[in-house]
Peer 1: 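Next up is a structure, given as structure tokens.
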Amino acid sequence: MPHPSGLASKGAPPPEGRFDSWGAVLLAVLSSSLVLLPSHPLPAVIVAVVSAAALALHIRRRPDGYVPQAALRSKLFGSSVLITLVLSVSYFTLLFAIPRLIADRAGRPTSTVAAGQLVAMVAGSALTLFFGTVATRLGRPGCAPCCSRPVRSPC
């Protein structure tokens, strides 16, 4: 019998195609707390632990939601997430730490250092877009001259 309000009960799986907004919010909070880890370690760790626990409970309740349980069990996905996590945390650590270090050691204001970082990031982004455009025009090369020959089936 359907729920009196016309909506599914809390324990029932959602209808097909319905967006998992709670899963998206919990993942966004977890990601944001990890980004803030270098600048505000204690609050970020607390929020990360709470949001990770809430996300884990949500995934158990809704295994095909915003964060599919099948993807989390994949070794490839797990290693990709770990690499991304390490690179992101180290990037944001450098983003927050470098201006302070240069300001302390070189006597420059952090605003000058931040402006220099901004120029470097914009240049890096522009070069990435340029190289991406050039790479698509070059096409995909073969791996070796011997690979361009047709291979006969062993059967």
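Sequential numbering from 1 along the given sequence is applied to the chain's residues.
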Peer 1: So, taking the atom named CG in L37 and the one named OG in S88, what distance separates them when rounded to the nearest 0.5 Å?
Peer 2: 12.0 Å
Peer 1: Please report the interatomic distance CG(L26) to NE2(H58), rounded to the nearest 0.5 Å.
Peer 2: 6.5 Å
Peer 1: How many angstroms lie between atom CZ of R100 and atom OG of S39, to the nearest 0.5 angstrom?
Peer 2: 7.0 Å
Peer 1: Kindly work out whether a path of hydrophobic side-chain contacts (I/L/V/M/F/W/Y, heavy atoms less than 4.5 Å apart) joins V45 to L85.
Peer 2: no
Peer 1: Output every pair passing salt bridge (charged side-chain N to carboxylate O under 4.0 Å, His left out) with a member in residues 20-32, not counting sequence neighbours, ordered by first then second residue.
Peer 2: D20-R62
Peer 1: Rounded to the nearest 0.5 Å, what separates atom CD1 in I59 from atom CG in L72?
Peer 2: 4.5 Å
Peer 1: Mind checking whether R137 and T133 have side chains closer than 4.5 Å, heavy atoms only?
Peer 2: yes
Peer 1: So, do Y66 and F19 sit near enough that their side-chain heavy atoms are less than 4.5 Å apart?
Peer 2: yes
Peer 1: Would a single hydrophobic cluster contain both L30 and V49, if residues Ile, Leu, Val, Met, Phe, Trp and Tyr are joined by side-chain heavy-atom contacts under 4.5 Å?
Peer 2: no
Peer 1: Could you tell me which non-hydrogen atom of A44 sits nearest to which non-hydrogen atom of S33, and how far apart they are?
Peer 2: CB-O, 3.2 Å
Peer 1: Taking the side chain as everything from C-beta on, heavy atoms only, tell me whether Q117 gets closer than 4.5 Å to I98.
Peer 2: yes
Peer 1: Quick check on the hydrophobic clustering: are V50 and L57 connected, directly or via other members, by side-chain heavy-atom contacts under 4.5 Å?
Peer 2: no
Peer 1: State yes or no: do V29 and V81 share one hydrophobic cluster built from I, L, V, M, F, W and Y residues joined by side-chain heavy-atom distances below 4.5 Å, directly or via other members?
Peer 2: no
Peer 1: Could you state the interatomic distance from OG1 (T136) to CZ (F131), rounded to the nearest 0.5 Å?
Peer 2: 13.0 Å
Peer 1: Could you check whether any side-chain N or O of S51 sits under 3.5 Å from a backbone N or O of V47, counting only pairs where one atom can act as donor and the other as acceptor?
Peer 2: yes
Peer 1: Checking side chain to side chain contact (heavy atoms under 4.5 Å, CB included) for the pair L76/S80: CA distance, chi angles, key distance, verdict?
Peer 2: CA-CA 6 Å; L76 179 62; S80 299; 4.3 Å; yes
Peer 1: Say you draw a straight line from CG of L36 to OG of S31; how long is it, rounded to the nearest 0.5 Å?
Peer 2: 11.0 Å
